[in-house]
Protein chains: 2
Amino acid sequence: MLTTKKTIRRQFILDEAAKLFKEKGYGGTSMRDLAGNVGLEAASMYNYIKSKDEILELICQRIAGIYISQLAEIEQTPQATYAAKVEALIRLHIRLMVEEGPAVSVANHDWKYLPEPQLTAFKQARKSYEQGFARLIEQGVAAGEFQALHPSVALFTILSAVRWVELWYRPGRELSAEELENDIVAMLLSGLAK
Amino acid sequence: MLTTKKTIRRQFILDEAAKLFKEKGYGGTSMRDLAGNVGLEAASMYNYIKSKDEILELICQRIAGIYISQLAEIEQTPQATYAAKVEALIRLHIRLMVEEGPAVSVANHDWKYLPEPQLTAFKQARKSYEQGFARLIEQGVAAGEFQALHPSVALFTILSAVRWVELWYRPGRELSAEELENDIVAMLLSGLAK
DNA sequence: TGCTTTTTCTAACAACTGTTCGTAAGAGCT
DNA sequence: AGCTCTTACGAACAGTTGTTAGAAAAAGCA
């Protein structure tokens, strides 16, 4: 059995931690704060996690893994155009934001507090992800599907434009997740101007 | 004389603080860290600033003021089209990122650590700024200049897309500030696809 | 030069940090 | 029931936090 009672409880701690880290930052969240939200004393949590660092590490690792596997999936899916690939990747991104808001927020903002072996690993993983995404854009430009923008500019514009979703999206807002997705894709691929 | 020796030294402390806050976060930066970068003992800085909170407050206030005055300037400039207004505002944004990277970064990420009277004030200022910007977009949509996107989506896509500049731009990169500006504007207004 | 005011330092404070230890309470099993 | 193993807790640790008080040094000025 992989989902023992212990791993479930641990995941609960990680989820609560992600919410708090998002709200108050990694440094601004104390183990006693977290314990309060979890419903335990601070000391008791050490039955489930090794350290505060490890909490951050597990959250960042999980999200990085999802990002990378999503890119791999898109890369090896034979699709008509590069525009279709980029669009699909944008949509996966947005869905991840909606479904895993707090954890993604932590991976986006608090990764810099990772302790040293993991910090380098995370930065490297992110870099290789960005390079893979940039390659898709380059190929699209070379194929004449995209405007001749500098690939890095297009890449970071997309990545950043998608990031605010995690800050903004609340289930039950006037805008559905689907409409949101369509509008962002339209904006990024076709632009605001008519 | 407004720029006394004391205010110059204080501004230097604020600038160093912005760099450190950007790098390690507000909570991750201690007064002793800051003092080290400034070249003083921690206690000595209290001749120039009242508290660590005040440092954050002054940085955020200054940037918020710039944002608001930039919007006001664009709003009352009679310009041909809404597209031209939005483009001008985007360009001002990007220039601010390039010129005041660290301070803008702090105002974007660490504002949530502001103590309470200022926190509400900052949030309100930002909200009114966003509403002003959104109005420009709405009017552009109404005038038929823009695609019929939800104004909030267009707004936050623009604001976020512009934000990464502060994380990415280094003077002396292969891309000049001007090229950067043109590519981002092209991407946001015309889209990536051809 | 001496006097005053400003600037800087050292030392210390109380509060808080992540984490460990020993023990008590609980769960599961026979 | 008694025994074992896991989980939870209170207390305490060493270190760090922002900040203050008082003395020392520096600067400005007569």
Side-chain angles (χ1 to χ4, degrees), chain A residues 1-21 23-60 106 110-119, chain B residues 1-21 23-60 106 110-119:
Chain A
M1 179 97 76
L2 222 141
T3 60
T4 71
K5 201 144 199 169
K6 195 155 187 173
T7 43
I8 290 178
R9 297 269 259 161
R10 164 153 60 205
Q11 191 54 51
F12 178 67
I13 292 178
L14 296 181
D15 289 344
E16 288 304 312
K19 287 188 212 163
L20 279 179
F21 292 171
E23 201 179 321
K24 320 204 284 174
Y26 179 71
T29 304
S30 75
M31 292 300 277
R32 288 166 181 84
D33 285 343
L34 176 54
N37 273 47
V38 168
L40 285 178
E41 283 314 301
S44 309
M45 291 192 302
Y46 285 80
N47 276 317
Y48 300 98
I49 49 104
K50 275 201 271 292
S51 66
K52 193 189 180 190
D53 286 342
E54 196 205 37
I55 295 179
L56 182 60
E57 191 189 317
L58 291 172
I59 294 174
C60 290
V106 171
D110 295 324
W111 57 267
K112 54 182 152 183
Y113 304 113
L114 283 168
E116 210 7 284
Q118 287 84 9
L119 178 60
Chain B
M1 180 96 77
L2 223 140
T3 59
T4 72
K5 202 141 198 170
K6 195 153 186 172
T7 43
I8 290 178
R9 295 270 258 160
R10 164 154 59 206
Q11 191 54 51
F12 178 66
I13 292 178
L14 295 181
D15 289 344
E16 288 304 310
K19 288 188 212 164
L20 280 178
F21 291 171
E23 201 179 322
K24 321 204 284 173
Y26 178 72
T29 304
S30 76
M31 291 300 277
R32 289 167 181 83
D33 286 343
L34 176 54
N37 274 45
V38 168
L40 286 177
E41 283 314 301
S44 309
M45 291 192 300
Y46 284 83
N47 275 317
Y48 302 98
I49 49 103
K50 276 201 271 291
S51 67
K52 193 189 179 189
D53 286 343
E54 197 206 35
I55 296 178
L56 182 61
E57 192 188 317
L58 290 172
I59 295 172
C60 289
V106 171
D110 295 325
W111 57 267
K112 54 182 153 183
Y113 303 114
L114 283 167
E116 211 5 285
Q118 287 85 7
L119 179 60

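Note that these values count all heavy atoms, side chains included, but never hydrogens, waters or copies made by symmetry. Everything numeric in this text was worked out from a predicted model, so none of it was measured.
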**Student:** Mind calculating the distance between CG (A:Asn47) and C1' (C:dA25) to the nearest angstrom?
**Tutor:** 13 Å
**Student:** If only side-chain N and O atoms of A:Ser44 are considered, is one of them under 4.0 Å from the OP1 or OP2 phosphate oxygen of D:dC9?
**Tutor:**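 Answer yes for this pair, as a side-chain N or O of A:Ser44 is under 4.0 Å from OP1 or OP2.
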**Student:** In whole Å, I'd like the distance from the CE atom of A:Met45 to the C1' atom of D:dG10.
**Tutor:**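 Rounded to whole Å, this separation is 15 Å.
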**Student:** In whole angstrom, what separates B:Leu56's CG from D:dG18's P?
**Tutor:** 13 Å
**Student:** So, taking the atom named CG in B:Asp33 and the one named CD in B:Glu16, what distance separates them when rounded to the nearest 0.5 Å?
**Tutor:** 12.0 Å
**Student:** Between B:Tyr113 and B:Tyr26, what is the ring plane arrangement, given parallel below 30°, perpendicular above 60°, and tilted in between?
**Tutor:**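 Taking B:Tyr26 first and then B:Tyr113, their aromatic rings lie parallel (interplane angle under 30°).
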**Student:** Please report, rounded to the nearest Å, how far the P atom of D:dA26 is from the NZ atom of B:Lys5.
**Tutor:** 16 Å
**Student:** Do the side chains of B:Ile49 and B:Met31 get nearer than 4.5 Å, heavy atoms only?
**Tutor:** yes
**Student:** Just by protein heavy atoms under 4.0 Å, how would nucleotides 18-24 of chain C read 5' to 3' in B, S and -?
**Tutor:** BBB----
**Student:** Could you tell me the separation between the NZ atom of B:Lys6 and the P atom of C:dT5, rounded to a whole number of Å?
**Tutor:**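 Between P of C:dT5 and NZ of B:Lys6: 14 Å.
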**Student:** Please report, rounded to the nearest Å, how far the P atom of D:dT7 is from the CZ atom of A:Phe12.
**Tutor:**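 For the pair A:Phe12 CZ and D:dT7 P, the rounded distance is 16 Å.
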**Student:** Would you tabulate the pairs of protein nitrogen or oxygen atoms and nucleotide nitrogen or oxygen atoms of nucleotides 22-25 of chain D closer than 3.5 angstrom?
**Tutor:**
none

**Student:** Just the rounded figure in Å: distance from C1' of D:dC9 to OH of A:Tyr48.
**Tutor:** 13 Å
**Student:** Can you find a pair of side-chain heavy atoms, one from B:Leu56 and one from B:Trp111, that are under 4.5 Å apart?
**Tutor:**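 SC-SC contact between B:Leu56 and B:Trp111 ruled out.
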**Student:** Please tell me if the side chains of A:Leu34 and A:Ile55 come closer than 4.5 Å, counting only heavy atoms from C-beta onward.
**Tutor:**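 With C-beta onward as the side chain, the pair touches.
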**Student:** In whole angstrom, what separates A:Arg10's CZ from D:dT6's C1'?
**Tutor:** 15 Å
**Student:** Return the minimal non-hydrogen interatomic distance between A:Tyr48 and A:Arg10, and the atom names on each side.
**Tutor:** O-NH1, 3.0 Å
**Student:** Considering just the side-chain nitrogens and oxygens of A:Arg9, establish if one lies under 4.0 Å of OP1 or OP2 belonging to D:dA8.
**Tutor:** yes
**Student:** Name all stems that contain residues of DNA chain D, defined as runs of 3 or more consecutive Watson-Crick or G-U wobble pairs, both distances under 3.5 Å.
**Tutor:** C:2-29 with D:2-29
**Student:** For the residue pair B:Val106 and B:Ala18, what are the closest heavy atoms and their distance?
**Tutor:** CG2-O, 3.6 Å
